[in-house]
Amino acid sequence: MSQRSCLSVILAAGEGTRMKSAMPKVLHPIAGLPMVTHVVKAAEAAGSGDLALVIGHGAEEMRKAAAKFAPKAATFVQEKRLGTAHAVLAARDAISRGYDDILVMFGDTPLIDPDALSVARRKLAEGAAVVVVGFRTPNPSGYGRLIERGGKLVAIREEKDCSEEEKKITFCNGGLMAVAGGQALKLLEAVGNKNAKGEYYLTDIVEIAGMQGLVVVATQASFENALGINNRAELAEAEGIWQTRRRRQAMLDGVTLIVPETVFFSHDTEIGADTVVEPNVWFGPGVKIATGAKIHAFSHIEGATIASNCDIGPFARLRPGADLKQKAKVGNFCEVKQATIEEGAKVNHLTYIGDARVGAGANIGAGTITCNYDGYSKFFTDIGEGAFVGSNSSLVAPVTIGKGGYIASGSVITESVPNDALAFGRARQRTLPGKGKELRERFASAAAAKKK
Ligand code: UD1
Ligand code: MG
(Lines give C-alpha, C1' and ligand atoms only; values in the text may rest on other atoms or scores of the structure.)
(Ligands and ions follow the chains in the order given, each with its own letter.)
Protein backbone atom coordinates (compact mmCIF):
# COMPACT_ATOMS: atom_id res chain seq x y z
CA MET A 1 0.00 0.00 0.00
CA SER A 2 2.83 2.36 0.80
CA GLN A 3 3.65 2.72 -2.89
CA ARG A 4 0.18 4.12 -3.55
CA SER A 5 0.05 7.90 -3.50
CA CYS A 6 -2.52 9.49 -1.23
CA LEU A 7 -4.05 12.92 -0.75
CA SER A 8 -6.08 13.76 2.34
CA VAL A 9 -8.71 16.43 1.94
CA ILE A 10 -9.65 17.87 5.33
CA LEU A 11 -12.86 19.89 5.42
CA ALA A 12 -12.79 22.79 7.82
CA ALA A 13 -14.85 25.54 6.23
CA GLY A 14 -17.67 25.38 8.76
CA GLU A 15 -18.43 28.38 10.96
CA GLY A 16 -18.72 26.49 14.20
CA THR A 17 -21.22 29.00 15.55
CA ARG A 18 -22.20 26.72 18.41
CA MET A 19 -18.71 27.01 19.91
CA LYS A 20 -19.60 30.69 20.54
CA SER A 21 -15.97 31.59 19.99
CA ALA A 22 -13.89 34.24 18.26
CA MET A 23 -11.52 31.42 17.28
CA PRO A 24 -12.29 29.06 14.36
CA LYS A 25 -13.78 25.84 15.72
CA VAL A 26 -11.10 23.46 14.43
CA LEU A 27 -8.39 25.41 16.25
CA HIS A 28 -9.84 24.63 19.67
CA PRO A 29 -7.43 22.26 21.37
CA ILE A 30 -7.65 18.64 22.43
CA ALA A 31 -4.71 17.66 24.67
CA GLY A 32 -3.21 21.07 23.94
CA LEU A 33 -3.20 20.65 20.15
CA PRO A 34 -5.73 22.19 17.71
CA MET A 35 -8.33 19.52 16.98
CA VAL A 36 -7.61 19.67 13.26
CA THR A 37 -3.98 18.76 14.01
CA HIS A 38 -5.16 15.44 15.39
CA VAL A 39 -6.87 14.83 12.06
CA VAL A 40 -3.69 15.79 10.19
CA LYS A 41 -1.69 13.39 12.35
CA ALA A 42 -4.12 10.54 11.72
CA ALA A 43 -3.87 11.18 7.96
CA GLU A 44 -0.09 11.14 8.14
CA ALA A 45 -0.08 7.98 10.25
CA ALA A 46 -2.17 6.31 7.55
CA GLY A 47 0.53 7.16 5.03
CA SER A 48 -1.07 10.18 3.43
CA GLY A 49 1.82 12.29 2.23
CA ASP A 50 -0.11 15.23 0.86
CA LEU A 51 -2.77 17.30 2.56
CA ALA A 52 -5.38 19.73 1.30
CA LEU A 53 -7.12 21.84 3.90
CA VAL A 54 -10.44 23.37 2.87
CA ILE A 55 -11.09 26.54 4.84
CA GLY A 56 -13.73 29.25 4.73
CA HIS A 57 -14.70 30.88 7.97
CA GLY A 58 -11.71 32.66 9.54
CA ALA A 59 -9.56 31.85 6.51
CA GLU A 60 -6.71 34.21 7.46
CA GLU A 61 -6.38 32.89 10.98
CA MET A 62 -6.65 29.34 9.68
CA ARG A 63 -3.91 29.89 7.12
CA LYS A 64 -1.58 31.27 9.76
CA ALA A 65 -2.33 28.40 12.11
CA ALA A 66 -1.97 25.81 9.33
CA ALA A 67 1.55 27.06 8.63
CA LYS A 68 2.37 25.74 12.10
CA PHE A 69 0.23 22.63 12.55
CA ALA A 70 0.36 21.37 8.99
CA PRO A 71 3.18 23.16 7.16
CA LYS A 72 2.93 20.76 4.24
CA ALA A 73 -0.80 21.30 3.71
CA ALA A 74 -2.09 23.30 0.78
CA THR A 75 -5.04 25.48 1.79
CA PHE A 76 -8.11 26.02 -0.37
CA VAL A 77 -10.87 28.49 0.34
CA GLN A 78 -14.48 27.43 -0.10
CA GLU A 79 -16.12 30.81 -0.63
CA LYS A 80 -19.71 29.66 -0.17
CA ARG A 81 -20.63 26.77 2.04
CA LEU A 82 -22.71 24.71 -0.37
CA GLY A 83 -22.16 21.25 1.07
CA THR A 84 -19.51 18.62 1.66
CA ALA A 85 -19.11 17.61 -2.03
CA HIS A 86 -18.75 21.26 -2.97
CA ALA A 87 -16.15 21.64 -0.21
CA VAL A 88 -14.08 18.71 -1.51
CA LEU A 89 -14.20 20.24 -4.99
CA ALA A 90 -12.63 23.41 -3.59
CA ALA A 91 -9.46 21.31 -3.51
CA ARG A 92 -9.89 20.39 -7.19
CA ASP A 93 -6.38 21.59 -8.10
CA ALA A 94 -4.84 19.21 -5.59
CA ILE A 95 -7.08 16.27 -6.55
CA SER A 96 -6.37 16.73 -10.25
CA ARG A 97 -2.63 16.34 -9.67
CA GLY A 98 -3.49 12.64 -9.75
CA TYR A 99 -3.44 10.35 -6.72
CA ASP A 100 -4.18 6.67 -6.24
CA ASP A 101 -6.13 7.33 -3.04
CA ILE A 102 -8.13 10.33 -1.86
CA LEU A 103 -9.15 10.41 1.80
CA VAL A 104 -11.84 12.83 2.94
CA MET A 105 -11.98 13.79 6.60
CA PHE A 106 -13.66 16.46 8.70
CA GLY A 107 -11.46 18.87 10.65
CA ASP A 108 -13.85 18.82 13.60
CA THR A 109 -13.66 15.05 14.11
CA PRO A 110 -10.40 14.74 16.06
CA LEU A 111 -10.47 11.15 17.33
CA ILE A 112 -10.02 9.50 13.96
CA ASP A 113 -8.22 6.18 14.21
CA PRO A 114 -5.44 5.90 11.62
CA ASP A 115 -6.21 2.16 11.36
CA ALA A 116 -9.70 2.97 10.06
CA LEU A 117 -8.07 5.07 7.33
CA SER A 118 -5.59 2.32 6.51
CA VAL A 119 -8.38 -0.23 6.20
CA ALA A 120 -10.21 2.10 3.82
CA ARG A 121 -7.08 2.57 1.73
CA ARG A 122 -6.61 -1.19 1.56
CA LYS A 123 -10.14 -1.53 0.14
CA LEU A 124 -9.23 0.97 -2.57
CA ALA A 125 -6.10 -1.06 -3.34
CA GLU A 126 -8.35 -4.10 -3.70
CA GLY A 127 -10.42 -2.32 -6.34
CA ALA A 128 -13.12 -0.31 -4.58
CA ALA A 129 -13.93 3.12 -6.02
CA VAL A 130 -15.61 4.45 -2.88
CA VAL A 131 -15.15 3.30 0.73
CA VAL A 132 -17.37 4.65 3.51
CA VAL A 133 -16.24 4.24 7.12
CA GLY A 134 -19.43 3.58 9.04
CA PHE A 135 -20.27 2.99 12.68
CA ARG A 136 -23.20 1.50 14.54
CA THR A 137 -25.10 3.39 17.19
CA PRO A 138 -28.38 2.86 19.02
CA ASN A 139 -28.95 6.61 18.63
CA PRO A 140 -28.42 7.42 14.91
CA SER A 141 -30.30 10.70 14.94
CA GLY A 142 -28.57 13.38 12.85
CA TYR A 143 -26.28 11.03 10.92
CA GLY A 144 -26.47 9.91 7.32
CA ARG A 145 -27.80 6.32 7.18
CA LEU A 146 -26.03 3.62 5.20
CA ILE A 147 -28.61 2.01 2.90
CA GLU A 148 -27.61 -1.54 2.02
CA ARG A 149 -29.17 -3.90 -0.43
CA GLY A 150 -28.13 -7.56 -0.54
CA GLY A 151 -25.27 -6.75 1.84
CA LYS A 152 -24.00 -4.03 -0.48
CA LEU A 153 -23.90 -0.31 0.24
CA VAL A 154 -26.08 1.40 -2.34
CA ALA A 155 -26.65 4.87 -0.92
CA ILE A 156 -26.22 7.19 2.04
CA ARG A 157 -29.36 9.02 3.02
CA GLU A 158 -29.08 12.16 5.14
CA GLU A 159 -31.45 12.24 8.11
CA LYS A 160 -33.59 15.00 6.61
CA ASP A 161 -34.14 12.98 3.41
CA CYS A 162 -34.85 9.65 5.16
CA SER A 163 -38.18 7.83 5.13
CA GLU A 164 -39.52 6.66 8.49
CA GLU A 165 -38.24 3.15 7.69
CA GLU A 166 -34.78 4.43 6.78
CA LYS A 167 -34.57 6.45 9.99
CA LYS A 168 -34.58 3.14 11.90
CA ILE A 169 -31.27 2.12 10.34
CA THR A 170 -28.48 2.19 12.96
CA PHE A 171 -25.51 1.81 10.58
CA CYS A 172 -24.33 5.40 9.99
CA ASN A 173 -21.86 7.43 8.02
CA GLY A 174 -19.00 8.48 10.28
CA GLY A 175 -17.83 11.08 7.77
CA LEU A 176 -14.61 9.37 6.66
CA MET A 177 -14.48 8.41 3.04
CA ALA A 178 -11.88 7.02 0.68
CA VAL A 179 -12.24 7.54 -3.05
CA ALA A 180 -10.19 6.16 -5.92
CA GLY A 181 -8.18 9.11 -7.22
CA GLY A 182 -8.93 8.32 -10.83
CA GLN A 183 -12.70 8.47 -10.22
CA ALA A 184 -12.93 11.26 -7.67
CA LEU A 185 -13.47 14.34 -9.82
CA LYS A 186 -15.92 12.61 -12.15
CA LEU A 187 -18.00 11.37 -9.19
CA LEU A 188 -17.94 14.70 -7.35
CA GLU A 189 -18.93 16.65 -10.44
CA ALA A 190 -21.99 14.43 -10.89
CA VAL A 191 -23.38 15.40 -7.47
CA GLY A 192 -26.47 17.63 -7.54
CA ASN A 193 -28.27 19.53 -4.81
CA LYS A 194 -31.85 18.30 -5.07
CA ASN A 195 -32.34 17.37 -1.43
CA ALA A 196 -33.92 18.68 1.76
CA LYS A 197 -31.03 21.05 2.52
CA GLY A 198 -30.32 22.10 -1.08
CA GLU A 199 -26.65 21.17 -0.55
CA TYR A 200 -24.12 19.26 -2.63
CA TYR A 201 -23.73 16.13 -0.52
CA LEU A 202 -20.45 14.21 -0.65
CA THR A 203 -22.45 11.19 0.42
CA ASP A 204 -24.25 11.14 -2.95
CA ILE A 205 -21.14 9.76 -4.65
CA VAL A 206 -22.05 6.35 -3.20
CA GLU A 207 -25.19 6.08 -5.29
CA ILE A 208 -23.54 7.65 -8.33
CA ALA A 209 -20.62 5.20 -8.21
CA GLY A 210 -23.02 2.26 -7.78
CA MET A 211 -25.01 3.29 -10.84
CA GLN A 212 -21.80 3.41 -12.86
CA GLY A 213 -21.05 -0.17 -11.83
CA LEU A 214 -18.12 0.84 -9.62
CA VAL A 215 -17.38 -1.07 -6.42
CA VAL A 216 -18.64 0.65 -3.26
CA VAL A 217 -17.76 -0.71 0.18
CA ALA A 218 -18.75 0.13 3.75
CA THR A 219 -16.35 -0.66 6.57
CA GLN A 220 -17.13 -0.42 10.25
CA ALA A 221 -15.13 1.44 12.87
CA SER A 222 -15.80 2.69 16.38
CA PHE A 223 -18.11 5.59 17.12
CA GLU A 224 -15.17 7.74 18.17
CA ASN A 225 -14.11 8.06 14.53
CA ALA A 226 -17.33 9.96 13.96
CA LEU A 227 -17.34 12.09 17.08
CA GLY A 228 -17.76 15.57 15.63
CA ILE A 229 -17.28 18.61 17.84
CA ASN A 230 -19.98 21.26 17.60
CA ASN A 231 -19.93 22.83 21.04
CA ARG A 232 -17.72 22.98 24.10
CA ALA A 233 -19.53 20.12 25.82
CA GLU A 234 -18.55 17.86 22.92
CA LEU A 235 -15.05 19.33 23.04
CA ALA A 236 -14.78 18.21 26.66
CA GLU A 237 -16.20 14.80 25.75
CA ALA A 238 -13.53 14.31 23.08
CA GLU A 239 -10.84 15.51 25.49
CA GLY A 240 -12.09 12.94 28.00
CA ILE A 241 -11.86 10.10 25.49
CA TRP A 242 -8.38 11.22 24.42
CA GLN A 243 -7.19 11.39 28.03
CA THR A 244 -8.64 7.97 28.86
CA ARG A 245 -6.74 6.43 25.94
CA ARG A 246 -3.50 8.20 26.86
CA ARG A 247 -3.70 7.22 30.53
CA ARG A 248 -4.21 3.61 29.59
CA GLN A 249 -1.23 3.74 27.24
CA ALA A 250 0.94 5.28 29.98
CA MET A 251 -0.02 2.49 32.37
CA LEU A 252 0.64 -0.18 29.75
CA ASP A 253 4.05 1.46 29.26
CA GLY A 254 4.88 0.91 32.93
CA VAL A 255 3.80 4.16 34.56
CA THR A 256 1.81 3.96 37.80
CA LEU A 257 -1.17 6.31 37.90
CA ILE A 258 -2.73 5.90 41.30
CA VAL A 259 -5.99 7.59 40.31
CA PRO A 260 -5.72 7.73 36.50
CA GLU A 261 -8.80 9.86 35.88
CA THR A 262 -7.20 12.77 37.75
CA VAL A 263 -4.01 12.91 35.68
CA PHE A 264 -4.02 15.06 32.52
CA PHE A 265 -1.56 14.51 29.72
CA SER A 266 -0.59 16.71 26.83
CA HIS A 267 -0.36 15.46 23.25
CA ASP A 268 3.43 15.21 23.54
CA THR A 269 4.03 14.07 27.13
CA GLU A 270 6.86 11.55 27.36
CA ILE A 271 6.96 9.55 30.56
CA GLY A 272 9.22 6.63 31.44
CA ALA A 273 8.51 3.32 33.14
CA ASP A 274 8.39 3.05 36.92
CA THR A 275 7.44 6.66 37.28
CA VAL A 276 4.65 7.08 39.81
CA VAL A 277 2.12 9.85 39.35
CA GLU A 278 -0.03 10.67 42.33
CA PRO A 279 -3.57 12.09 41.97
CA ASN A 280 -4.37 15.49 40.43
CA VAL A 281 -1.36 16.16 38.28
CA TRP A 282 -1.42 18.31 35.14
CA PHE A 283 1.07 17.97 32.28
CA GLY A 284 1.16 20.88 29.86
CA PRO A 285 3.02 20.67 26.55
CA GLY A 286 6.69 19.78 26.25
CA VAL A 287 7.18 17.50 29.26
CA LYS A 288 9.75 14.70 29.17
CA ILE A 289 10.12 12.44 32.18
CA ALA A 290 12.65 9.60 32.39
CA THR A 291 12.21 6.47 34.49
CA GLY A 292 11.53 6.07 38.18
CA ALA A 293 10.44 9.62 38.95
CA LYS A 294 7.86 10.42 41.61
CA ILE A 295 5.35 13.12 40.81
CA HIS A 296 3.41 13.87 43.96
CA ALA A 297 -0.15 15.13 44.10
CA PHE A 298 -1.31 18.49 42.73
CA SER A 299 1.74 19.29 40.65
CA HIS A 300 1.51 21.44 37.51
CA ILE A 301 4.25 20.70 34.98
CA GLU A 302 4.90 22.13 31.52
CA GLY A 303 7.92 22.43 29.24
CA ALA A 304 10.04 20.57 31.78
CA THR A 305 12.63 17.83 31.44
CA ILE A 306 12.85 15.49 34.39
CA ALA A 307 15.64 12.93 34.65
CA SER A 308 15.32 9.56 36.34
CA ASN A 309 14.48 9.23 40.02
CA CYS A 310 13.57 12.87 40.54
CA ASP A 311 11.06 13.71 43.23
CA ILE A 312 8.53 16.44 42.43
CA GLY A 313 5.85 18.02 44.60
CA PRO A 314 3.33 17.78 46.13
CA PHE A 315 2.10 21.16 44.85
CA ALA A 316 5.14 21.85 42.67
CA ARG A 317 5.04 24.05 39.61
CA LEU A 318 7.59 23.34 36.89
CA ARG A 319 7.49 25.87 34.09
CA PRO A 320 9.10 25.86 30.63
CA GLY A 321 12.83 25.38 30.70
CA ALA A 322 12.90 23.56 34.04
CA ASP A 323 15.61 20.95 33.59
CA LEU A 324 15.97 18.52 36.46
CA LYS A 325 18.91 16.15 36.47
CA GLN A 326 18.95 12.76 38.19
CA LYS A 327 17.58 12.55 41.73
CA ALA A 328 16.87 16.27 41.93
CA LYS A 329 14.08 17.23 44.33
CA VAL A 330 11.59 20.04 43.94
CA GLY A 331 9.17 20.02 46.84
CA ASN A 332 5.94 21.64 47.94
CA PHE A 333 5.03 25.16 46.80
CA CYS A 334 8.17 25.54 44.72
CA GLU A 335 8.24 27.10 41.27
CA VAL A 336 11.06 26.44 38.82
CA LYS A 337 11.37 28.25 35.48
CA GLN A 338 14.16 28.22 32.90
CA ALA A 339 16.55 26.69 35.38
CA THR A 340 18.71 23.61 35.72
CA ILE A 341 18.57 21.72 38.98
CA GLU A 342 21.61 19.49 38.86
CA GLU A 343 22.01 15.98 40.15
CA GLY A 344 20.78 15.43 43.68
CA ALA A 345 20.15 19.13 44.34
CA LYS A 346 17.23 19.93 46.64
CA VAL A 347 14.72 22.74 46.38
CA ASN A 348 12.31 21.51 48.95
CA HIS A 349 9.97 24.20 50.21
CA LEU A 350 8.26 27.46 49.20
CA THR A 351 10.89 28.63 46.73
CA TYR A 352 11.17 30.36 43.36
CA ILE A 353 14.08 29.39 41.12
CA GLY A 354 14.00 31.23 37.79
CA ASP A 355 16.76 31.82 35.22
CA ALA A 356 19.23 29.89 37.30
CA ARG A 357 21.45 26.90 37.77
CA VAL A 358 21.49 25.00 41.04
CA GLY A 359 24.66 22.92 41.21
CA ALA A 360 24.78 19.23 42.04
CA GLY A 361 24.00 18.41 45.64
CA ALA A 362 23.20 22.02 46.56
CA ASN A 363 20.54 22.64 49.18
CA ILE A 364 18.15 25.54 48.78
CA GLY A 365 16.41 26.48 52.01
CA ALA A 366 12.72 27.21 52.40
CA GLY A 367 11.54 30.54 51.07
CA THR A 368 14.54 31.22 48.83
CA ILE A 369 13.82 33.53 45.92
CA THR A 370 15.98 34.18 42.89
CA CYS A 371 15.18 37.83 42.14
CA ASN A 372 15.59 37.45 38.39
CA TYR A 373 13.63 40.42 37.06
CA ASP A 374 13.97 44.17 37.51
CA GLY A 375 10.79 44.99 35.66
CA TYR A 376 12.63 45.22 32.33
CA SER A 377 15.16 42.41 31.94
CA LYS A 378 15.86 38.93 33.26
CA PHE A 379 19.14 38.04 34.98
CA PHE A 380 20.87 34.78 35.83
CA THR A 381 21.69 33.25 39.20
CA ASP A 382 24.41 30.62 39.33
CA ILE A 383 24.58 28.48 42.45
CA GLY A 384 27.61 26.23 42.69
CA GLU A 385 27.88 22.57 43.48
CA GLY A 386 27.24 21.71 47.11
CA ALA A 387 26.23 25.25 48.07
CA PHE A 388 23.88 25.85 50.97
CA VAL A 389 21.37 28.66 50.81
CA GLY A 390 19.77 29.39 54.18
CA SER A 391 16.02 29.82 54.45
CA ASN A 392 14.30 33.02 53.41
CA SER A 393 17.17 34.34 51.30
CA SER A 394 16.84 36.59 48.28
CA LEU A 395 19.47 36.12 45.58
CA VAL A 396 19.42 39.29 43.53
CA ALA A 397 20.54 38.41 40.01
CA PRO A 398 22.91 38.61 38.30
CA VAL A 399 24.76 36.85 41.07
CA THR A 400 26.96 33.81 41.57
CA ILE A 401 27.25 31.64 44.65
CA GLY A 402 30.49 29.70 44.42
CA LYS A 403 30.96 25.98 44.94
CA GLY A 404 30.35 25.08 48.55
CA GLY A 405 29.25 28.64 49.31
CA TYR A 406 27.15 29.10 52.45
CA ILE A 407 24.45 31.75 52.70
CA ALA A 408 23.11 32.69 56.11
CA SER A 409 19.34 32.56 56.50
CA GLY A 410 17.39 35.67 55.71
CA SER A 411 20.15 37.12 53.53
CA VAL A 412 19.67 39.48 50.63
CA ILE A 413 22.61 38.58 48.40
CA THR A 414 23.53 41.28 45.90
CA GLU A 415 27.21 40.50 45.42
CA SER A 416 28.71 37.26 44.22
CA VAL A 417 30.00 34.86 46.86
CA PRO A 418 33.28 32.99 46.24
CA ASN A 419 33.73 29.22 46.61
CA ASP A 420 33.39 27.97 50.18
CA ALA A 421 32.71 31.48 51.57
CA LEU A 422 30.10 32.25 54.21
CA ALA A 423 27.94 35.26 53.40
CA PHE A 424 25.60 37.22 55.63
CA GLY A 425 23.37 39.72 53.91
CA ARG A 426 21.24 40.95 56.80
CA ALA A 427 21.31 43.35 59.71
CA ARG A 428 23.08 42.11 62.84
CA GLN A 429 20.71 41.08 65.63
CA ARG A 430 20.36 43.32 68.70
CA THR A 431 18.99 41.87 71.95
CA LEU A 432 17.93 44.28 74.72
CA PRO A 433 17.40 42.50 78.09
CA GLY A 434 14.11 43.35 79.84
CA LYS A 435 13.00 45.67 77.03
CA GLY A 436 10.20 43.34 75.87
CA LYS A 437 8.46 43.45 79.22
CA GLU A 438 8.90 47.21 79.50
CA LEU A 439 7.36 47.73 76.09
CA ARG A 440 4.37 45.53 76.90
CA GLU A 441 3.67 47.47 80.11
CA ARG A 442 3.85 50.77 78.28
CA PHE A 443 1.34 49.63 75.64
CA ALA A 444 -1.01 48.17 78.26
CA SER A 445 -1.20 51.40 80.28
CA ALA A 446 -1.72 53.49 77.13
CA ALA A 447 -4.66 51.25 76.16
CA ALA A 448 -6.17 51.46 79.67
CA ALA A 449 -5.89 55.28 79.66
CA LYS A 450 -7.85 55.38 76.39
CA LYS A 451 -10.72 53.30 77.83
CA LYS A 452 -11.30 55.65 80.79
C1 UD1 B 1 -22.06 14.75 7.54
C2 UD1 B 1 -22.48 13.66 6.54
C3 UD1 B 1 -23.31 12.62 7.27
C4 UD1 B 1 -22.52 12.03 8.40
C5 UD1 B 1 -22.03 13.14 9.34
C6 UD1 B 1 -21.06 12.57 10.33
C7 UD1 B 1 -22.71 14.75 4.37
C8 UD1 B 1 -23.65 15.30 3.39
N9 UD1 B 1 -23.25 14.28 5.49
O10 UD1 B 1 -23.24 15.39 7.95
O11 UD1 B 1 -23.68 11.59 6.38
O12 UD1 B 1 -23.30 11.11 9.12
O13 UD1 B 1 -21.33 14.16 8.61
O14 UD1 B 1 -20.73 13.54 11.27
O15 UD1 B 1 -21.54 14.75 4.11
N16 UD1 B 1 -18.13 21.45 5.53
C17 UD1 B 1 -17.44 22.34 4.74
N18 UD1 B 1 -18.12 22.98 3.76
C19 UD1 B 1 -19.43 22.76 3.50
C20 UD1 B 1 -20.11 21.85 4.31
C21 UD1 B 1 -19.44 21.20 5.32
O22 UD1 B 1 -16.26 22.55 4.94
O23 UD1 B 1 -19.95 23.37 2.58
C24 UD1 B 1 -17.40 20.75 6.60
C25 UD1 B 1 -17.88 21.16 7.97
O26 UD1 B 1 -17.07 22.21 8.49
C27 UD1 B 1 -17.71 19.89 8.77
C28 UD1 B 1 -17.87 18.79 7.76
O29 UD1 B 1 -17.69 19.37 6.49
O30 UD1 B 1 -16.39 19.79 9.32
C31 UD1 B 1 -19.22 18.10 7.83
O32 UD1 B 1 -20.24 19.03 7.65
P33 UD1 B 1 -21.55 18.99 8.54
O34 UD1 B 1 -22.40 20.12 8.15
O35 UD1 B 1 -21.20 18.83 9.96
O36 UD1 B 1 -22.22 17.66 8.00
P37 UD1 B 1 -23.30 16.78 8.76
O38 UD1 B 1 -24.62 17.35 8.51
O39 UD1 B 1 -22.88 16.56 10.15
MG1 MG C 1 -21.55 17.42 11.54
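When a ligand or atom number is given, it counts from 1 through the structure's own listing order. Side-chain atoms are counted along with the backbone in the values below, which use heavy atoms only and exclude waters and symmetry mates. Since this is a predicted model, take the numbers as computed values, not measurements.
Contact shell of ligand 1 (protein heavy atoms, cutoff 4.0 Å): L11, A12, A13, G14, Q78, R81, L82, G83, T84, A87, F106, D108, Y143, G144, E158, N173, G174, K197, Y201, T203.
Salt bridge status for R157 with E165: absent, with no side-chain N to carboxylate O gap under 4.0 Å.
Geometrically, R247 engages F264 in a cation-pi contact defined by less than 6.0 Å to the ring centre and at most 45° from the axis.
Of the N and O atoms on the side chains of D268 and S266, at least one donor lies less than 3.5 Å from an acceptor on the other residue.
Taking each heavy atom of A226 and F135 in turn, the nearest pair found is CB-CE2, 3.4 Å.
Tested against I353 for a side-chain contact (heavy atoms from CB on, under 4.5 Å), the candidates V347, N372, I369 yield a single pass: V347.
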Could you walk me through whether D311 and H296 pass the side chain to side chain donor-acceptor pair (under 3.5 Å) check?
CA-CA 8 Å; D311 202 289; H296 298 285; 2.9 Å; yes

